[in-house]
Amino acid sequence: MAEYDFRKIEKKWQQYWAENDIYKTENTSQKPKFYALDMFPYPSGAGLHVGHPLGYIASDIVSRYKRLKGFNVLHPMGFDSFGLPAEQYAIQTGQHPAITTEQNIKRYKEQLKNIGFSFDWDREVQTHQAEYYKWTQWIFMQLFNSWYNKETDRAEDIETLIAVFQASGNQNISTVSDDDTPIFTAEEWNSWEEEDQLKTLLHYRLTFPSEAVVNWCPALGTVLANDEIKDGVSERGGHPVERKKMKQWMMRITAYADRLLKNLDHLEWSEPMKDMQTNWIGKSYGCELQFQVEDNSKVLTAFTTRPDTIYGVTFIVMAPEHEWINKLTTAEQENEVKAYVEAAKNRSERERQTDVKSVSGVFTGSYATNPFTDEPIPIWVADYVLAGYGTGVVMAVPSSDDRDYRFAKKFDLPITLVIKGSEELDNPTDLKHGTMFNSGILNDLTSKEATRKAIEYAEENGFGQSKVNFRMRDAVFSRQRYWGEPVPAYFKGDIPYLVDEKDLPIKLPAIDKYKPTETGEPPLGRAKNWTYNGDPLELTTMPGWAASSWYFLRYMDANNESAFANKEITDYWGQVDLYLGGTEHATGHLLYSRFWNMFLYDRGLISHEEPFKKLINQGMIQGVSSFVYRLVLSGDDKLMPEVFLSKGIVDRIQKSNLTRAEQDIIEKILKRELTSFNHKHGTSWSVENVLEQKIIPMHVDISMVKNDILDVDEFKAWRPELKNAVVIPEANKNYLCGSEVEKMSKSKYNVVNPDEIIDRYGADTLRLYEMFLGPLEQFKPWNTNGIDGVFKFLRKVWNLFHKESGEFYVSNEAPTKEELKILHRTIKKAQEDIERYSFNTSVSEFMICLNDLTALKCNKVAILEPLVVVLSPYAPHIAEELWHKLGHVNSITKTEFPSYNEAYLVEDEHEYPVSVNGKMRAKLKFPVDMVKEDIEKQVLDNEVIQKWLDGKSPKKVIVVPKKIVNVVV
RNA sequence: GCGGAUGUGGCGAAAUUGGUAGACGCACUAGACUUAGGAUCUAGCGGAGCGAUCCAUGGGGGUUCGAGUCCCUCCAUCCGCACCA
């Protein structure tokens, strides 16, 4: 009896594929290329859960399909293996993070291989391997040796900049550099010592050390990038983050802000994803206006997007971090301002963010002049102004900006209305645009016109100029950690130098402990002889996003020892045609890798400006957690009995419709159990009224719960303290659990391991089921309920090829027209679905097809053989088995995807919607030759209509354009 | 607050350009076969009604012969950003 023995079949073919290098990809081919990429995983200790493979399955289906369609397909996999968890574990245990990392990778690979992916493992990358990070370091060096030329709008070799400086200084150069870059002439440059020249160049390099205010996370002992912080706490671990000024390596990503934004137009990414990047880059057009401070030589510059409201400016606000505050504060105000600035500095990022509503600030005592009105306006300090955005100075317009309005209200500052109509509103800021009044030269202009005119006027009179501002900042590149790439730079005094290229890789040194040093230096400070020719090497390591910003290029030429990748080969593979991953990388990895790729393109190292042509964000598969409800008894005795109420009881208690009788029963049980508990432990617990007790939900392991019913014995054995738990069930004796959809996580006991599913149903079922679950991009909970249907489908496929006795049997009879139609319909559907990267409906189509063929008892080779090929991207193991049983020697992966023939799909009759007296009633079939495409000119046969109308004769038959037959009775 | 997405049976979901809403699967119900199984097969399965029919795609309105689909408006849920001037 040859049942569908998926275990045997899957093992057999996985072995066959591996032994015969079936998925090895050549770097040259006559075939067109296709690059299908998954975001590579961080190998965590928990292993894969069923959510991880979702995207991998989708990309694998596409890859297998494309191969069958004659493409040379690159479909690699690797591991983003530097990272915090391994290091945290190392700190706790003293074990080198490489050991944990490599164990985890091994486990991940085993799990991945069980699913039957068509990865070319010869191209695997592991970012923590020196062979890989050698090139991460090399790219870092190229960035250091480059500057951004705004003239040519690309990165260039630093030598070209030096040449410019030698010839004409930096006065006429258009570039992206630090704000505090000094201006100098060629003479000055040429007269400087080398040291000063190098210092000056740091203002231009694309990566550079800088004293910057950063997000410091004391708990993790490292700085974090903006995208690594969510809600003011670290994304990993949720630790508080504070602002701190530290020396850091930075990446000048702001040089690319415009291109990163502009190129989004040409990418096949989802709109929400593009929007997220657009918002993150945050380009805003406006102007800078200069305000002369009275009785002081200082001129404050404020950035504004609303120069049209300049006549409504009634005060100026500076960020507490602004360096001029001391100089602008009058003697009377000094103490107050100092206290405020100090308080603002000590507020954590978290406080400052969560406390958005409260308004605080202090007057400096100074005034500045509004250049349009020559009126004096007070200068304030307030922490709602951010030092890092614009100039850190805001011209406040309380009549059209909510924050300024709140501030003016609180401190009783004047509010000048400048937009017509706003005087009728309780809150003038509800009207943001309109026609200007009270506005001198801008009167009667619209906001848009006034904006243009105000900028023109400011430029003519030399107190302002139009300006574009970005929200995005340069990226902090340093991490005070061990488990990352060492930065290939050393210092002579303050000046950083690159190591010699021939000395790459700079390998991670051995250290005794993985903690910061006693003096607070990063872990690398513990390394012995961490020097380069006697000079100290950089102590920080690179962030996680360094390695992931170029790994997709390494896959193309993964084993190259003389370059990060051969140019001819990267030219051949070009862009990633399909990139699959989650939305969580929108403002991190996906932005940084575009930046690095663009840089490599600028420097002529690769030929595409954008790395990822098409991006699909697969939705997360969530877990369904189960809960038990613990009754917390009032009393302060430490030894508290564990009492759990069933979900139904809890619901009725909370809705207060527990009947008196039910309550009595529960209380009786409780009393009995508590008496015995008290007797045993010498305690004195009692429950007077169960309705008055606190109930808290508690996660339980989902393996103990079937259809919401808890296995009480298993539950009591779960943990020692539950051994004597009192479990109060429903009237039918079942204990019901509650459930909730949450992110899959170990701590919520809701993780489903793909190995379990594979063991029970097989990899092919897992693959099909994950696709069947719903649209790829949607978030959905993992629910095993439907998996039987998919498994049954595969078993039925198997049975179609086998007699009841189990013997393989297919017929060589010629197929009927009906059978051909079923086949071609299915080929068409599968092809169209894969090509638009949607997979769930084609799985349904397979099932329909199978039902149809089973009904016809069709086991004809001419139908089944192409069908197996169509199914093979989804369920490769069973397809391969049946393919060989059909007598083929080569792997099914070497064949061609069958093409469908429209001719088989054409109907003998056409369907037309028919409406009676204007109301759509049915679709009627008419012979093809009766109603041709040009339906307007055709007159329908009354007989057909009559037949349909039960013999009634239609008064009028109107055939309207767009395929509709309108009958008037 | 700003930006985006989603809303269809008990559940997961289908529905080219507007054209019989709910394909397919799960769960459920009934039956068949059965020395019984977490097996297979057949039928039914949005709601109301004996029925013809009527009502149903978050709510309300509109365009149209015809709306899940297009337009307006409101509501709910989720996600991203957030004193960004």
Side-chain angles (χ1 to χ4, degrees), chain A residues 226 230-232 270-280 282-284 286 302-307 309 313 316-317 319 352-353 355-360 382-386 388-397 400-404 406-407 469-473 583-584 586-587 619-620 706-707 741 760 768-769 772-775 777-793 795-796 799 804 832 836 840-851 854 911-924 958 960 962-968:
Chain A
N226 285 347
K230 296 268 167 326
D231 302 323
S270 70
E271 285 308 317
M273 184 54 84
K274 289 186 187 180
D275 286 344
M276 263 190 252
Q277 290 211 343
T278 305
N279 290 341
W280 188 263
K283 184 175 188 175
S284 54
F303 173 76
T304 180
T305 53
R306 297 296 307 275
T309 61
V313 175
I316 280 177
V317 196
R352 220 168 137 164
Q353 278 195 5
D355 182 28
V356 177
K357 298 248 156 53
S358 77
V359 179
S360 72
D383 66 1
Y384 80 86
V385 176
L386 302 174
Y389 183 77
T391 59
V393 177
V394 167
M395 56 169 238
V397 187
S400 68
D401 184 282
D402 302 311
R403 294 151 304 171
D404 298 345
R406 278 203 305 267
F407 196 81
N469 233 318
F470 291 96
R471 204 186 72 104
M472 186 171 70
R473 316 289 154 78
T583 34
E584 65 271 21
T587 52
M620 197 191 294
K706 303 259 152 19
N707 294 326
V741 174
R760 206 160 123 193
L768 274 166
Y769 185 59
F772 181 68
L773 219 47
E777 277 150 294
Q778 207 162 291
F779 279 60
K780 55 220 154 193
W782 177 263
N783 178 348
T784 328
N785 286 345
I787 201 165
D788 283 323
V790 174
F791 180 71
K792 272 189 233 169
F793 159 74
R795 196 166 51 195
K796 283 191 230 164
N799 290 338
E804 255 172 65
E832 284 174 354
R836 61 187 166 107
N840 52 327
T841 53
S842 44
V843 179
S844 293
E845 171 59 32
F846 288 144
M847 293 180 180
I848 298 169
C849 165
L850 189 88
N851 288 347
T854 309
E911 258 187 348
Y912 289 94
V914 176
S915 77
V916 177
N917 293 340
K919 183 152 190 169
M920 240 301 290
R921 279 305 163 90
K923 269 186 184 167
L924 253 195
I958 309 155
V960 296
K962 285 189 97 182
K963 269 180 126 185
I964 173 152
V965 180
N966 209 340
V967 181
V968 181

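Just so it is clear, the structure is predicted and the values come from calculations on it, not from any experiment. Values below: every heavy atom of this structure, side chains too, minus hydrogens, waters and symmetry copies. A note on names: the letters A, B, ... follow the listed sequences, proteins ahead of strands, and every chain is numbered from 1.
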Legend entry - Toward the 5' end of RNA chain B, by each residue's nearest nucleotide, A/Phe779 or A/Glu832: A/Phe779
Inset, instruction - Please list, chain by chain and in numerical order, all residues satisfying side chain to side chain contact (heavy atoms under 4.5 Å, CB included) with A/Glu584, sequence neighbours excluded. - result: none
Inset, instruction - In whole angstrom, give me the gap between the P atoms of B/G31 and B/G25. - result: 23 Å
Legend entry - C1' spacing across the pair B/U8 / B/G46, given as an integer number of angstrom: 10 Å
Check the interface with nucleotides 21-23 of chain B: list each N/O to N/O pair with the protein under 3.5 Å, or write none.
{"from": "B/A23", "atom 1": "N1", "to": "A/Ser844", "atom 2": "OG", "distance (Å)": "3.4"}

Inset, instruction - Return the nearest nucleotide to the side chain of A/Arg471; candidates are B/G80, B/C81, B/G25. - result: B/C81
Legend entry - Side-chain heavy-atom pair A/Phe772, A/Ile787 within 4.5 angstrom cut-off: no
Inset, instruction - For A/Lys780 and B/C78, give me the distance from atom NZ to atom C1', rounded to whole Å. - result: 15 Å
Legend entry - Heavy-atom side-chain contact between A/Leu773 and A/Gln778 under 4.5 Å: no
Legend entry - Toward the 5' end of RNA chain B, by each residue's nearest nucleotide, A/Asn783 or A/Ser284: A/Asn783
Inset, instruction - Grab the CD-C1' distance between A/Glu777 and B/C78 for me, whole Å please. - result: 16 Å
Inset, instruction - With heavy atoms under 4.0 Å as the rule, sort A/Asn851 into base, sugar-phosphate or nothing. - result: sugar-phosphate
Legend entry - Out of B/A14, B/G38, B/C83, whichever nucleotide has its closest atom nearest the side chain of A/Arg760: B/G38
Inset, instruction - Side chain of A/Arg795 only, please: which of B/A13, B/U40, B/C26 is the nearest? - result: B/U40
Legend entry - Between B/G37 (P) and A/Asp788 (CG): distance, integer Å: 17 Å
Inset, instruction - Round to the nearest Å and state the distance from A/Tyr769 atom OH to B/C24 atom P. - result: 18 Å
Legend entry - C1'-based separation of B/U57 from B/A15 [nearest Å]: 11 Å
Legend entry - Interatomic distance, A/Arg836 atom CZ to A/Thr841 atom OG1 [nearest 0.5 angstrom]: 5.5 Å
Inset, instruction - Applying salt bridge (charged side-chain N to carboxylate O under 4.0 Å, His left out), name anything that partners A/Arg471, two or more places apart in sequence or on another chain. - result: none
Legend entry - Euclidean distance, atom CG of residue A/Leu773 to atom C1' of B/A13 [Å, nearest integer]: 10 Å
Legend entry - Separation of B/G4 P from A/Met276 CE (nearest whole Å): 12 Å
Inset, instruction - Would you classify A/Phe846 as touching base, sugar-phosphate or nothing, given that sugar-phosphate means primed atoms plus P, OP1 and OP2, and contacts are heavy atoms under 4.0 Å? - result: nothing
Legend entry - Residues which pass salt bridge (charged side-chain N to carboxylate O under 4.0 Å, His left out) with A/Asp402, listed by chain and number, not counting sequence neighbours: A/Lys432
Inset, instruction - Among B/A85, B/A13, B/C11, find the nucleotide with the atom closest to the side chain of A/Val394. - result: B/A85
Legend entry - Consecutive Watson-Crick or G-U pairs in runs of at least 3, all under 3.5 Å, in which RNA chain B is involved: B:1-7 with B:75-81, B:10-12 with B:24-26, B:28-32 with B:40-44, B:46-48 with B:53-55, B:58-62 with B:70-74
Inset, instruction - Could you check which of B/A13, B/A5, B/A85 has an atom nearest any side-chain atom of A/Pro272? - result: B/A5
Legend entry - B/G47 glycosidic torsion: syn (within 90° of 0) vs anti: anti
Legend entry - C1'-based separation of B/G68 from B/G18 [nearest Å]: 10 Å
Inset, instruction - May I ask you to evaluate whether A/Gln778 reaches the phosphate of B/C78, defined as a side-chain N or O under 4.0 Å from OP1 or OP2? - result: no
Inset, instruction - Please tell me which of the listed nucleotides, B/A85, B/C81, B/G25, lies nearest to the side chain of A/Trp280? - result: B/C81
Legend entry - Min side-chain heavy-atom separation A/Met276-A/Thr583 under 4.5 Å: yes
Legend entry - Among B/U40, B/G3, B/A14, the nucleotide that comes nearest once only the side chain of A/Pro775 is considered: B/A14
Inset, instruction - Kindly compute the distance separating OG (A/Ser844) from CE (A/Met847), expressed to the nearest 0.5 Å. - result: 6.5 Å
Inset, instruction - Using the C1' atoms only, state how far B/A39 lies from B/A32, rounded to an integer number of Å. - result: 14 Å
Inset, instruction - Measure from the side chain of A/Arg406, starting at C-beta and using heavy atoms only, and say which of B/A13, B/C83, B/A85 lies closest. - result: B/C83
Inset, instruction - Assign A/Arg473 to base, sugar-phosphate, or nothing according to its heavy-atom contacts below 4.0 angstrom with the strands shown. - result: base
Legend entry - Closest listed nucleotide, where the reference is the side chain of A/Arg403 and the choices are B/A85, B/G80, B/U40: B/A85
Legend entry - Interatomic distance where CE belongs to A/Met395 and P belongs to B/C84 [whole Å]: 15 Å
Legend entry - salt bridge (charged side-chain N to carboxylate O under 4.0 Å, His left out) partners for A/Lys283, two or more places apart: A/Asp258
Inset, instruction - State the OG1-CZ distance between A/Thr784 and A/Arg760, to the nearest 0.5 angstrom. - result: 8.0 Å
Inset, instruction - Using a 4.5 Å cut-off on heavy atoms from C-beta on, say whether the side chain of A/Met395 contacts that of A/Thr309. - result: yes
Legend entry - Euclidean distance for P, B/C81 against B/G19 (whole angstrom): 38 Å
Inset, instruction - Using atom CZ of A/Phe772 as one end and atom P of B/A14 as the other, report the distance to the nearest whole Å. - result: 10 Å
Legend entry - Touch class at under 4.0 angstrom, heavy-atom based, for A/Glu271 against every strand present: nothing
Inset, instruction - Would you please classify the geometry between the A/Trp782 ring and the A/Tyr769 ring as parallel, tilted or perpendicular, with 30° and 60° separating the classes? - result: perpendicular
Inset, instruction - In whole angstrom, give me the gap between the P atoms of B/G38 and B/A52. - result: 40 Å
Legend entry - Separation between the P atoms of B/G80 and B/A48, rounded to whole Å: 41 Å
